[in-house]
Amino acid sequence: MLRVGFEIHQQLDTRKLFCGCSSELTDSWELSVRRQLRAARSELGEVDRAALQEERRARWYEYQVPRASSCLVELDEEPPHEVNMEAVEIALQVALLLNATPVDEIHFMRKIVVDGSNTSGFQRTAVVAMDGYIDTPQGRVGIATVCLEEEAARKVGESGGVVTYRLDRLGIPLIEISTTPDITSPEQAKEVARRIGEVLRATGRVRRGIGTIRQDINVSISGGARVEIKGVQDLALIPEIIRREVRRQRWLLEVAEELRRRGVRAEEVGGERADVTELFGSTRSKVLSGIIKRGGVVLALGLRGFAGLLGGEAGLRLGAELAQHVRVRAGLGGLFHSDELPAYGISEEEVEGVRRALRLGDGDAFVLLAGERSRVEAGAEAVAERAKQAVQGVPEETRAAQEDGTTRYMRPLPGAARMYPETDIPPVEVSRELVERLAEELPELYEDKIERFVREYGLSRELAEQVVRRGEPELFEEAVRLGVAPTVAATALTMTLRELRRDGCEVERLGREVMLGVFSALAQGRLTKESLPEVLRELAGGAELEEVLRRMGGKATEEEVRRLAKQVIEERGEFVRERGEGAAKPLMGVLMSELRGRAEGRMVMQVLQEELRRFLEEAEVKAER
Amino acid sequence: MYRGRAAELLGGIEPGTRVRVHKGGRTYEGILMPRSELGDDRHVVVKLDSGYNVGIEVSGARVEVVEGAERRVAQPPPPPPAAGGRVVSVLGTGGTIASRVDYATGAVHPAYTAEELLGAYPELAELAELRARVVFSILSENMRPEHWRRLAEEVARELNSGAEGVVVTHGTDTMSFTASALAFMLRGLGKPVVLVGAQRSSDRPSSDAYLNLRSAIRVALSDLGEVVVVMHASMSDEVCAVHRATKVRKMHSTRRDAFRSINSPPLGYVGEEVVLGEERRRRSEGEVVADTRLEERVVLFKAYPGVSPELLEWCVDRYRGVVIEGTGMGHVPESLHPGIERALEEGIPVVMTTTTLNGRVDMKVYSSGRKLLSMGVIPGEDMLPEVAYVKLMHVLGVAEDMDEVRRLMLTSLAGEITPRTLPEVF
């Protein structure tokens, strides 16, 4: 049986959670600092296993510090300021919309994260509400907790053991919504994510755009284990990711069964190791010879009974799983395994040599690790540990979602030990009065808003849905208030923008202010609805509204249309004489594009037909002569 | 801990117990957490199995103990591994470097022992054989001269019984006072005495404690024969600066690189290696004596516009020595002149320093300064006010008469006065 749970992370559109910095991302930075992190004990004296693994890598972290969006708080050079109450209120509002009960007192915790993404080595996070639910056509799904936390720093690079982050994103308020694992199908998962996303956007106070909402998905199947898949940004990928993970877990269970059938015992896995550097002294493998030349070593690790299980279908290759562990835990580029050898310049003889060195039989497999001795040894440990888990089944772990719907190993699942109280921030009391006030001010949910748009503005249900779900409902209502016809405003905010985006226009330039400017010009009659797409296209190209209005704005007068029509007809005299009045339709296209929508189509057609007739009559007269 | 209504609800259930709190048809199960003394008495705090703490308001709540659940208590870290080699003594005095979360106040508080501190960083034992001991455990704002005395004696004892150097873990707020006091009190010092602290507590992954401590131990093994402060040189975790005890000052409330040498460059830097300049006193052999005589009745008096002359008169009635933090090159409002004059007439030395910290007092330039000089005020040269304050305590403790006080105050005893100031130090 499939069980799926979610964590949805959404950035809020306010200043940062614990300081006065703005939440805008920036491309430039003025200062950088380098730091290291160490795992700390929780208040119960335990060290988290995920934290320990990070620490084992002794990484350096470099932080780029943009002046516009980071201060000493992000740098971990000053304690956090008091919590941003606006963010607390938004989180509570979302909690109420999800039928959750706010806690009476919010306690911020330090969740240990030593991958460098937080300068402090922990993420500040607090439960603000619990025990909510959301209904889907496939059934009710519980909302276990609604948390308010700080966003992590933005990773911008990694090289030579140094991971680089930019501090602009660190500290942006983030709502984390965790569902209970009640979801039973990939489609229901998508529906849950969609509905929660709508609730978040209904507040009108969440950030939009790439990376501002992220989903982590927990997947387990019967006999499998809980696997957390982090960083899913695309809603459409959710069903695919779940399906692939189910397949991966089923496959791992089959591998485990096969290994047990072959008599492989976990405690005996990975014991055989041999330094085979000399064996590859004159190898034709460029990778290995390069490493050996730089003073590195080649280590072979035997996996008895694993023959044929390391290779296989993409996404379902034990060799690839082992390689991911080696990369993450030892910082090596990867490994070679016997199911894919001889290849990559490694010869039959060398493979045989390794087999002899490890005293392997036909049913056995091996992996080769090459690099600096300490890393290779760490890599061998990683391979041995992961191979042991293969005998047992599906390991609990955190995996990262890739753009193609596959996942890769990130780290073990963090335990509960990674939390301890954030004593720099006093608890925040959630009074009954506050909750009552927020409950009265709850924003309109999408379904209600769609109904209202149909009722109040006469939009078709389809258009109303588009405006509410994918458009800008607030902007739409403002446009209508300015005097723009509802259908025109709705169409501009949905179809027109979509078309421009499809054509590769930078629609990001068409922000709220720009759109309001266009709508008020429209309402004042300074441009026509027909010219709207063209005006927006120009603005997306970086033009100024006033300049565009001067150039193409204002309705074309009948006189102007007539002059243009004459010109168009005369330029194509031959064609017109040939087609007679049938030329009207093709010429209409030419004329409209010359006018760039500055005149009503009906008027243009009328003028064109008049001029056509006149031209043809004159032509006839000429011919008679 | 819990008091008032929350204590009533709990009826003696101890923090650490697994409980279920029932309220409004909802159940919160987890471990009962201690409550900060500063928190109100209307909430109980439960750590849920997810690790999160939540506060539950007591009205209408009912608490039930979950039977059979194991009570969880904090485990101390393992002791540091024993290692051979050169001995460095690590003396704990408290402060952020030795602090962790304290549930009594809900804030960070010194709680680690020196052993626990080193146990958290086992790789430090690779540098030297570390002998850790806690002398006292207080926040440095609570340090008093009696603590300096005790510490000086403990340091001397360690150095005289085979330690290559001593590391003193200390709160950062008043570290420079203690450093100066040790510098003046330790006679015949030929080994490193290194004060070290942290600006971020040791229980945080981002604590500066590890680099500071590692660097301090390295300095304690180096070719150095004086008291120094070793702390982050920048906001990065790469290099620490080695500051002379009598020239260092905490110049920022929160940053890692808060400590700066004033009026002279740092003695050196520590990264993977210790690099020391020629200015330092080198390591030498010999017995160290702690001369702990101090006249505690010394006051540090700040001059500023509107300062009350009565305040100075009040001080003169009660103290045996006055260090003034004057404005600019060492000036005070004329309203203070009578008080200063009376002090000097009564045999109470008055030493002038400057609020600018950087630079040297010079009382010859303006008539107001010349007047103070003629009264007998001792110019403090480029001494930091706090250093002059500690030094005057020491000097009054050891000097026989006013002439000797003047002579000693004008002599650099532990590098506190530099004869020349280079342009790059400011």
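Numbered from 1 within each chain, the chains take letters A, B, ... in sequence-line order.
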Inset, instruction - Side chain from CB out, backbone as N, CA, C, O: work out which of these in B/D208 comes under 4.5 Å of a heavy atom of chain A, or both, or neither. - result: neither
Legend entry - Crowding at CD, A/E30 (>12 non-hydrogen neighbours, <6.0 Å): yes
Inset, instruction - Can you tell which part of A/I106 gets under 4.5 Å to a heavy atom of chain B, answering side chain, backbone, both or neither? - result: neither
Legend entry - A/T119 portion near chain B, given a 4.5 angstrom heavy-atom threshold: backbone
Inset, instruction - First locate atom CG of A/L75, then atom CE of B/M235, and finally report the distance between them rounded to the nearest 0.5 Å. - result: 5.0 Å
Inset, instruction - Would you mind checking which part of A/L31 comes under 4.5 Å of any heavy atom in chain B, side chain (CB onward), backbone (N, CA, C, O), both or neither? - result: side chain
Inset, instruction - Counting only heavy atoms closer than 4.5 Å, note whether B/Q199 contacts chain A via side chain, backbone, both or neither. - result: neither
Legend entry - Non-hydrogen side-chain atoms of A/F122 and B/R204 separated by less than 4.5 Å: yes
Legend entry - Taking every non-hydrogen atom, the tightest pair across B/V54 and A/H107: C-CD2, 3.9 Å
Legend entry - Charged N-O contact under 4.0 Å between A/R38 and B/D237: no
Legend entry - Under 4.5 Å from any heavy atom of chain A - which part of B/R200: side chain
Inset, instruction - Could you tell me which non-hydrogen atom of A/D104 sits nearest to which non-hydrogen atom of B/H43, and how far apart they are? - result: O-NE2, 3.7 Å
Legend entry - Selection from A/T125, A/D76, A/V103, A/V127 maximising heavy-atom pairs under 4.5 Å formed with chain B: A/D76
Inset, instruction - Determine whether more than 12 heavy atoms belonging to other residues, nucleotides or ligands lie under 6.0 Å from atom CD of B/E141. - result: yes
Inset, instruction - Report yes if some heavy atom in the side chain of B/K23 is under 4.5 Å from a heavy atom in the side chain of A/T101; otherwise report no. - result: no
Legend entry - Heavy-atom pair with the smallest gap, counting every atom of B/P205 and A/Y420: CD-OH, 3.7 Å
Legend entry - Heavy-atom side-chain contact between B/K47 and A/M109 under 4.5 Å: yes
Legend entry - Heavy atoms of other groups near B/R26 CZ, more than 12 under 6.0 Å: yes
Legend entry - Contacting region of B/Y210 [heavy-atom separation from chain A under 4.5 Å]: side chain
Inset, instruction - For residues B/T254 and A/P79, determine if any side-chain heavy atom of one lies less than 4.5 Å from a side-chain heavy atom of the other. - result: yes
Legend entry - B/L48 side chain reached by A/M130 side chain, heavy atoms, under 4.5 Å: yes
Inset, instruction - Let me know if A/A144 has heavy atoms under 4.5 Å from chain B in its side chain, its backbone, both or neither. - result: neither
Inset, instruction - Check whether any side-chain heavy atom of A/R35 lies under 4.5 Å from a side-chain heavy atom of B/R256, and answer yes or no. - result: yes
Legend entry - Pairwise distance OG(B/S207) to CD(A/Q36) - rounded to 0.5 angstrom: 12.5 Å
Inset, instruction - Among the options A/G121, A/S178, A/S32, pick out the one with the most heavy-atom pairs lying under 4.5 Å from chain B. - result: A/G121
Inset, instruction - Side-chain contact test, heavy atoms from C-beta onward, threshold under 4.5 Å: evaluate it for B/E57 versus A/V430 and give yes or no. - result: no
Inset, instruction - Considering only heavy atoms and a distance below 4.5 Å, find which of B/G39, B/S234, B/S236 pairs most often with chain A. - result: B/S236
Legend entry - Salt bridge B/R42-A/E429, side-chain N to carboxylate O under 4.0 Å: yes
Inset, instruction - Report, as yes or no, whether the 6.0 Å neighbourhood of atom CZ on A/R67 holds more than 12 heavy atoms from other residues, nucleotides or ligands. - result: no
Inset, instruction - Look only at the side chain of B/S206 and the backbone of A/L37, and say whether a donor-acceptor pair between them is shorter than 3.5 Å. - result: no
